[in-house]
Amino acid sequence: MGDADGIASDAGEFDRREVDDADVLELLEPVVQEWWVEQFGEFVPQNGGFFTPPQKEAIPLIHEGKNALVASPTGSGKTLSGYCSIINELFRRDRTEEGLDNSVYCLYVSPLKSLANDIHRNLEVPLDGITEKLADRGEDVEIRHAIRHGDTDDSERQAMLTETPHILNTTPETLAILLNSPKFKEKLRTVEYVIVDEIHSLAENKRGTHLSVSLERLEALADGSPTRIGCSATVEPLDAMAEFLVGRRAPGGEPREYELVDTRFVREFDIELTCPAEDLIDTPADVVNDRFYRQLHDLVGDHTNTLVFTNTRSGAERVLHNLRERFDAYDEDNSGCHHGSLAKEKRQAIEEDLKRGELDVVTTSTSLELGIDMPYIDLVVQVGSPKSVAALLQRVGRAGHQLGETVTGRVFALDRDELIECAVMLTKAEEGFVDRVFVPETAQDVAAQHVYGMAINGPRPEAEIRGILERAYPYREYGDNEWEQLCRYLTADYEGMEAKNVYAKIWRDTNDPPDGEYHYDEFDVGEPLIGKRGRLARVIYMTNIGTIPDSFTCDVFTRSGDQWVGQLDEEYLDTLESGDVFVLGGDRFEYRYRRGSKVYVDRTAARPTVPSWFSERLPLSYDLAREILAFQRELLDRLAEGGRSAVRVWVRELPLDEHSVQAITRMFDEQVRYAGSESVSTDSRLVIEEELDHDEYERHYYVHSNYGRRFNDGLSRLLAYRCAQEANANVKVAVADHGFTLSLPLNRKVDLAGILESVEPTEVRADLRASLDGTDLLQRYFRINATRSLMILKRYKGYEKSASEQQVNSEMLLGFAEDLADFAVIEETYREILEDKLNVAGIEEVVAGIQSGEVTVASTRVDSPTPKAFGLATLMASDVVLAEDESAVLQEFHQRVLEEIEGQDRDQSRA
């Protein structure tokens with residue numbers, strides 16, 4: 001290794017005194033130091049040391065056994081920052097006389113199987129390299145590592161019992177199974193380290209909730225308290241993510257201690273918003289299209305490997321198809337498409353080609369956001385808005401995968417609503433703003449699985465089982481009511497449950513005296529215990545746990561003639577209410593009702609109300625939406641003070657091209673000249689625009705509640721519910737990220753502003769809950785939660801129920817369950833819809849602002865929609881280009897606005 005102050009490597013000599021992290025290197029065993037310098041010595045000049053910023057901070061912390069959340073962008077070496085100290089410790093220990101036991105010391109938990117596979121390969125490099133160096137010196141050292149998830153076959157699983165990996169890569173679902181595996185769980189008692197990768201993508205959903213309880217079960221099982229390391233991309237709030245990782249010391253107590261490694265902004269970003277035309281309405285669609293593909297082709301040509309993100313799978317396929325059709329430069333060998341609907345073999349082939357840098361361009365939707373290393377990607381193009389700053393940074397961060405390389409990203413805006421959204425998003429990204437991650441709270445379905453699992457490993461004291469649950473971050477507020485509600489369900493303490501084939505999962509009783517029927521020596525007499533019910537309990541648990549719902553497609557039939565017309569994705573059905581119009585196979589249909597996996601419709605000529613891509617696209621983040629509203633206020637102030645030129649000067653300071661600058665300026669100028677500045681929503685004003693549509697004989701209310709689709713889905717249901725009661729009429733609803741439309745028959749009128757102003761924050765949950773009664777959304781989420789809660793068993797005695805069979809079961813159970821008081825599965829269904837899907841907390845916050853006067857509700861009456869309402873009035877823009885008929889509608893709207901402005905100008909000149 002050289003003398004005390006110098007280190008030799010293939011890249012030359014380094015003086016330890018010239019680098020700032022030689023002390024970190026000194027923490028490692030000499031053989032690990034040697035391997036590290038050989039591998040990374042060439043990067044010392046650009047890193048200013050032997051380690052990247054997250055590695056410099058994380059390695060010493062993990063070396064000391066401290067819990068740590070490492071937040072750093074893709075390509076900054078954060079995964080190795082977690083592994084380095086662990087590998088070092090395992091090599092050190094295996095070389096001592098005691099050596100390592102035949103059991104697991106480190107668990108690596110990943111949300112994706114592909115990511116686990118990638119990390120597994122990445123681990124081989126240091127483990128094989130260091131082992132080889134020791135072998136050259138005559139030392140026989142072996143650190144075993146293996147991967148285990150749902151696809152691991154039985155022979156491999158059995159082999160792991162005989163020769164157990166010291167480092168085990170797994171998924172949240174498999175960890176929960178291992179904790180109930182009679183033999184393998186004993187191999188987990190020695191676990192000293194747990195790495196949770198991409199923790200931000202787990203924390204926001206129930207897979208993360210499930211994992212957080214598994215980590216507490218592991219804590220209770222292990223001989224010591226394992227060191228927890230979380231690896232995360234750019235995320236907020238860091239403290240909440242860290243607390244989610246480490247859990248609580250005791251129920252209701254303080255979080256366990258942790259350290260934050262915050263190196264989120266260590267990479268240089270070069271991002272810009274591009275718009276193919278300064279007028280996205282009157283420029284012909286084929287011209288916009290031509291310019292877009294020409295610009296995209298030029299960008300691909302200027303870079304080595306380009307990754308193109310679209311917001312839907314069909315969009316990813318369309319962009320690739322059009323590139324190949326328009327330019328001879330692209331074929332099967334140098335371009336590809338990657339998304340979740342493609343066959344596994346096809347996806348893996350694309351991934352391998354990306355790793356080798358053999359593809360000039362790959363299009364994708366969301367499937368390449370996480371995971372695999374793609375070292376040759378030097379440009380990321382995002383088509384349309386990714387809907388949050390966090391998603392933008394995650395996607396763009398795939399470019400320049402090595403530290404020191406500038407991250408280059410180009411975002412194309414192809415409709416006017418997304419233009420504002422993207423402009424604010426890129427500006428906020430440069431300022432270091434990140435959207436918050438919201439963690440589901442006190443989920444009863446996940447609690448049911450884990451309490452059942454712990455009972456199967458029991459019997460155990462009730463206080464112990466409840467304590468393990470409540471030490472997990474999502475259950476830190478769990479109270480007596482929730483616990484009793486859960487236990488009533490799990491013990492089937494409701495009349496009629498067994499008649500519906502829903503049986504008790506656990507028993508709950510005090511320990512009998514020694515001469516009693518049920519006495520357990522290891523527990524005190526009278527101590528409340530919980531144990532499993534049923535001989536097949538373990539099999540039921542092992543084959544039915546997990547949180548990812550099954551979904552299915554529904555066959556669509558006409559009511560007259562019972563003619564099959566196609567299929568709809570079940571998630572898309574969540575967005576449909578009776579009377580909604582959608583397009584299928586080029587024809588328009590009005591949705592009537594659903595029975596199990598069959599949907600019944602009527603043919604119609606009416607304009608569609610729900611776009612075909614609706615279920616696929618991510619909703620706009622609530623935090624970014626509020627930033628857009630603040631941006632609109634500032635822009636209006638500048639427009640009022642200095643006119644269009646002042647707006648252009650200000651907007652040019654943002655990361656936008658000139659077309660984008662002109663388009664934004666023009667849109668707001670036309671809006672204000674047509675309907676006044678009061679027609680634009682801001683962070684202190686919510687605008688409702690009323691239009692009388694005599695052609696359709698409808699009264700449209702365009703509600704400019706720019707708070708994201710989840711919020712708008714909730715608020716629109718609440719207002720539609722109240723409107724229907726007041727007007728005694730059917731209310732049609734169409735929802736977008738920037739607002740929603742309520743439509744009534746022309747002869748019915750409501751004071752929508754007055755209705756909104758009358759809503760009390762304390763009434764929001766009750767009204768929203770009432771509005772869900774009888775909806776497909778409620779039926780679907782009840783099925784998902786009944787299955788997660790093991791009320792409906794997906795797999796039983798060798799038979800597997802399809803998602804559509806589960807749905808039929810759940811529809812039979814729903815009425816029964818709704819009549820039960822305080823029933824855990826129903827309560828969780830409503831909680832999940834209200835809190836996780838409809839952003840009830842955001843609605844309560846805005847309604848409270850309206851009540852306090854912080855937010856005013858402004859109404860405006862128009863003969864034709866304002867420019868800011870064009871998107872709400874059509875709601876049919878695709879993610880790549882506008883459909884031809886929608887383009888014509890937009891042009892007509894725009895023409896009316898321009899004619900009105902010209903008329904006002906003439907009137908003013910005469911005056």
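- Asp197 places no side-chain N or O within 3.5 Å of a backbone atom of Ser110 that could act as its donor or acceptor partner.
- Under the 3.5 Å distance criterion, with hydrogens and angles disregarded, no donor-acceptor pair is assigned to the side chains of Asn785 and Arg831.
- Asn481 contributes atom CG, which lies 12.5 Å from atom CG of Leu486 (distance to the nearest 0.5 angstrom).
- In this model, no donor atom of one side chain and acceptor atom of the other lie less than 3.5 Å apart for Glu845 and Tyr707.
- Distance check, rounded to the nearest 0.5 Å: CD1 of Ile147 to OG1 of Thr171 gives 9.0 Å.
- Counting only distance, with no hydrogens or angles, the side chain of Arg460 and the backbone of Ile465 share no donor-acceptor pair below 3.5 Å.
- Side-chain atoms of Leu168 and Lys187, non-hydrogen and from C-beta on, never get closer than 4.5 Å to each other.
- Under the 3.5 Å distance criterion, the side-chain polar atoms of Arg710 are matched with a main-chain donor or acceptor of Asp836.
- Taking a cutoff of 4.0 Å between a charged side-chain nitrogen and a carboxylate oxygen, Glu186 and Arg189 qualify as a salt bridge.
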Stepwise, does the side-chain hydrogen bond (donor to acceptor under 3.5 Å, both in side chains) test hold for Glu192 with Thr227?
CA-CA 6 Å; Glu192 295 180 21; Thr227 299; over 6 Å; no

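- The CZ atom of Arg264 sits 10.5 Å away from atom CG of Leu393, with the distance rounded to the nearest 0.5 Å.
- For Glu29 (side chain) and Phe91 (main-chain N/O), no donor-acceptor pair under 3.5 Å exists by modelled atom type.
- Here the closest heavy-atom approach between residue Cys231 and residue Ile195 is recorded as SG-CG2, 4.2 Å.
- Defined by atom type and a distance below 3.5 Å, a donor-acceptor pair is missing between the side-chain atoms of Glu827 and Gln444.
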Run Asp239 and Tyr258 through side-chain hydrogen bond (donor to acceptor under 3.5 Å, both in side chains) and show every step you take.
CA-CA 9 Å; Asp239 281 310; Tyr258 62 85; 2.7 Å; yes

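- Salt-bridge check for Arg466 with Glu470: passed, with a basic side-chain N closer than 4.0 Å to an acidic carboxylate O.
- Under the side chain to side chain donor-acceptor pair (under 3.5 Å) criterion, Asp445 pairs with Lys206, Arg788, not counting sequence neighbours.
- To the nearest 0.5 Å, atoms CG (Asn180) and NZ (Lys185) are separated by 7.0 Å.
- Using a distance-only test at 3.5 Å, with no hydrogens or angles considered, no donor-acceptor pair links the side chain of Glu462 to the main chain of Ile530.
- At a cut-off of 3.5 Å, with distance as the only test, no side-chain donor of Tyr473 or Glu216 sits close to an acceptor on the other residue.
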Please lay out, stage by stage, how Glu835 and Arg765 fare under the test salt bridge (Lys or Arg N to Asp or Glu O under 4.0 Å).
CA-CA 9 Å; Glu835 293 182 11; Arg765 283 176 189 260; 3.3 Å; yes

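- Checked for salt-bridge contact, Lys56 and Asp20 meet the test: a charged N lies under 4.0 Å from a carboxylate O.
- At least one donor-acceptor pair under 3.5 Å links the side chain of Asp21 to the backbone N or O of Phe51.
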Stepwise side-chain contact (heavy atoms from CB on, under 4.5 Å) check, Asn839 with Phe438:
CA-CA 10 Å; Asn839 192 7; Phe438 294 94; over 6 Å; no

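- Proximity of a side-chain donor or acceptor of Asp435 to a complementary backbone N or O of Lys387 within less than 3.5 Å is not detected.
- By the 6.0 Å and 45° rule, Arg148 stacks over the aromatic ring of Phe184.
- Taking the six-membered ring where tryptophan is involved, the planes of His166 and Tyr105 are tilted, since the angle between them lies from 30° to 60°.
- Among residues at least two apart or in separate chains, ring pair (Phe, Tyr, Trp, His ring centres under 6.0 Å) pairs with a member in residues 208-228 are His210-His450.
- Annotation: Glu254, atom CD; neighbour count of heavy atoms from other residues, nucleotides and ligands within 6.0 Å does not exceed 12.
- One N or O on the side chain of Glu482 and one on the backbone of Gly479 form a donor-acceptor pair closer than 3.5 Å.
- Note that the CG atom of Leu80 and the OG atom of Ser85 stand 10.0 Å from one another [nearest 0.5 Å].
- Looking at Lys78, its side chain never comes within 3.5 Å of a backbone N or O of Ala71 through a donor-acceptor pair.
- One finds the CD1 atom of Ile87 at 8.5 Å from the SG atom of Cys106 (value rounded to the nearest 0.5 Å).
- In terms of heavy-atom proximity, Val380 sits nearest to Arg395 at CG2-O, 3.4 Å.
- Nearest heavy-atom pair, Ser72 versus Thr263, reported as atom, atom and distance to 0.1 Å: OG-OG1, 3.0 Å.
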